[in-house]
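So the structure is just underneath, and the comments pick up after that.
For clarity, every value in this text was computed on a predicted model and none was experimentally measured. The figures that follow rest on heavy atoms only: side chains count, while hydrogens, waters and symmetry mates do not.
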Amino acid sequence: MFHLKISLFAQTKALETKIDEFHDKIIDASMTFKKAIKTYLNEGPGENYKKTNKRVKKIEHDADKLRRDIENKLYIQNLIPDLRADVLNLVENLDKVINKIDEVAYRFYIEHPEIPQEYHIPLLELCEQVCDCCENLAIASRSFFRDISLVRDYSQKVYFIEHETDLTSGHMREDLFNTDLPLANKLQLSDLITEIADIADIAEDCTDELLIFTIKRDI
Amino acid sequence: MDYSFLFFISSGLFLGWSLGANDAANIFGTAVGTKMVKFRTAAIIASVFVTLGAVYAGAGASKTLGDLGAINAIAGSFMTAFAAALTVYWMVKSGLTVSTSQAIVGAIIGWNLYSGKPTDIAVLSKIVSTWIFCPAISGCFAIMLYYLIKWSIKHSSLHLLRLDQFTRWGLIATGAFGAYALGANNIANVMGAFVDANPFKGFSIKNFTLNGTQVLFLIGSIAISVGVFTYSQKTMATVGKRLMAMSPQVAWIVVLAQSLTLFIFSSQGLKDLLTDLHLPSLPLVPVSCSQAVIGAVIGIGLAKGGREVKWGILGRIALGWVTTPVIAGILCFVSLFFLENVFNMTVYH
């Protein structure tokens, strides 16, 4: 009986670690994405960018593996029956954020967009905000598992930063269409800006659901 | 031994089966309903601990029931238990929440009325008062536990998965305690009517000794176990969700509150301790497990603001509480008349 109990807690501990690692991946992905864009702006689509892009891909791949592991273990071990569906939903939504980060980084890798110098600083600012948004989402989601009283605080930060990204991306696109750049270039850059801001939008959607799950998590 | 006793005891076994199907389901109902404990696990634990409680601690509550009406003819015992069992069965079938304790009390009063024996009003009022105290005490326990557990969870920063494991083990341990308390408290309902006419002799194997009453209680608890295994699954699945949707932690609080309530109404040790300390003690009376569960659920519902409780269903439950003793009493009275006048059996001395 004692052995059984220890082994049950050991399994739970292993899953706890996987959930923590999954949250680490969100932070890793967003930080690496920021670094990738910085590299692209400074050095162009060279070898260094390729390497950083590959790192984003690997993080996305590892996160997918962790997600599947978490989902399987939750079902196989019949854990948290009342909140299992919510946790699965949450993990899926968080994974969407990582997927979007990977998708945007890959677009830079494929399309090699030409970005005029005057957009470097606003673009880096936008990436900084998106990264900040993802980090706060990761902390809010981690708190859902450990300390629900913190979820609201970090969710509020996500909402605030997401609004900021909307403003930044809006201003950037407005300025962009007031320049003399060829239309194709304008459209390509506008689309990329929108895609980067979409990462924060997905984080916001994820936070909306997280707050509902938190209400249900309260006993 | 007079083998006709085995026939007469069958009504008690029927009542035991009903108790297993209905009341014992309440112990693990919330745990099984929230899918935290498998039905098989719940049924095994409930059966083992109900038996232990009945055999080792069933005497206290049984004595109070004997004081209400000492049924002194085996045919009378048969019909009293049968009337109670039939009432429980009908009520369960018609979807009304029912208390085995109330059914047997109603049936005993029916026997008292038929046999012309006086009903001890002091004992009766003691028992009836527990029909109010039992859910009220259980509700108070639940409210206190709810705030305590909520506070503990908030300040412990326990991981969701770890909390889930603790809740699971808590539900099993508390369920075992609840089943023990149910056996101790409710075996009187099942076999109490047969204690005075019990022909069983005690026996001992090495250090293991059982007296005649304990053998009777052992047989009764086996009937309860059969009820648990054969008919309680559906009740267990619905008991948790009937009044209010609940989380596994709340399910655990409900089990703990009802177990504590059953325990304080059946523990001779606790009664002696309170008496020694010159504190008011509660009577050792068979109380209703269903009432304890409902009291606990309502307590938590109130602690959460009262919005989640389905008050309409509560009215239906209250109707069951009022009608159970009345139906059992009338049924017992009428059946005794037939048994005595049609079958020429002695139903009282």
Problem set entry | Side-chain heavy atoms of A/Leu79 within contact of B/Gln165, under 4.5 Å | yes
For this session: List the atom of B/Lys35, the atom of A/Pro81, and the distance in Å for their closest heavy-atom pair.
Result: O-CG, 3.5 Å
Exercise. Do B/Arg162 and A/Lys13 touch side chain to side chain, with heavy atoms closer than 4.5 Å?
Worked result: yes
Problem set entry | Spacing of OG belonging to B/Ser247 relative to CD1 belonging to A/Ile80, to within rounding of 0.5 Å | 13.0 Å
Exercise. Take atom NZ in A/Lys157; do more than 12 heavy atoms of anything else shown fall under 6.0 Å from it?
Worked result: no
Seminar exercise, completed: Bottom line for A/Ile19: the part with an atom under 4.5 Å from chain B's heavy atoms is side chain
Problem set entry | Test item: A/Gln77 and B/Leu161 side chains (from C-beta on) under 4.5 Å apart, heavy atoms | no
Exercise. In this structure, are over 12 heavy atoms from other groups packed under 6.0 Å from B/Phe177 atom CZ?
Worked result: yes
Exercise. What part of B/Ile300 gets closer than 4.5 Å to chain A, counting heavy atoms only: side chain, backbone, both or neither?
Worked result: neither
Exercise. So with a 6.0 Å cut-off around OH of A/Tyr119, is the heavy-atom count from everything else above 12?
Worked result: yes
Exercise. At what distance, to the nearest 0.5 angstrom, does CG of B/Asp164 lie from CG of A/Asn78?
Worked result: 8.5 Å
Exercise. Does CZ in A/Phe145 sit with more than 12 non-hydrogen atoms of other residues, nucleotides or ligands closer than 6.0 Å?
Worked result: yes
Exercise. More than 12 non-hydrogen atoms from neighbouring residues, nucleotides or ligands closer than 6.0 Å to OH on A/Tyr109, yes or no?
Worked result: no
Problem set entry | Salt-bridge contact A/Asp218-B/Lys150 (side-chain N to carboxylate O under 4.0 Å) | yes
For this session: Decide yes or no for B/Leu160 and A/Ile148: does some side-chain heavy atom of the first lie under 4.5 Å from some side-chain heavy atom of the second?
Result: no
Exercise. Within a radius of less than 6.0 Å around CD1 of A/Ile110, do more than 12 heavy atoms belonging to other residues, nucleotides or ligands occur?
Worked result: yes
For this session: Heavy-atom distances under 4.5 Å only: say whether B/Leu158 touches chain A with side chain, backbone, both or neither.
Result: backbone
For this session: May I ask you to check whether over 12 heavy atoms, not counting those of A/Lys35, lie within 6.0 Å of atom NZ?
Result: no
For this session: Heavy atoms only, distances under 4.5 angstrom: which of B/His155, B/Arg168, B/Gln249 has the most pairs with chain A? Name it, please.
Result: B/Arg168
For this session: Determine whether B/Thr34 and A/Asp82 make a side-chain contact, defined as any pair of heavy atoms from C-beta on separated by less than 4.5 Å.
Result: no
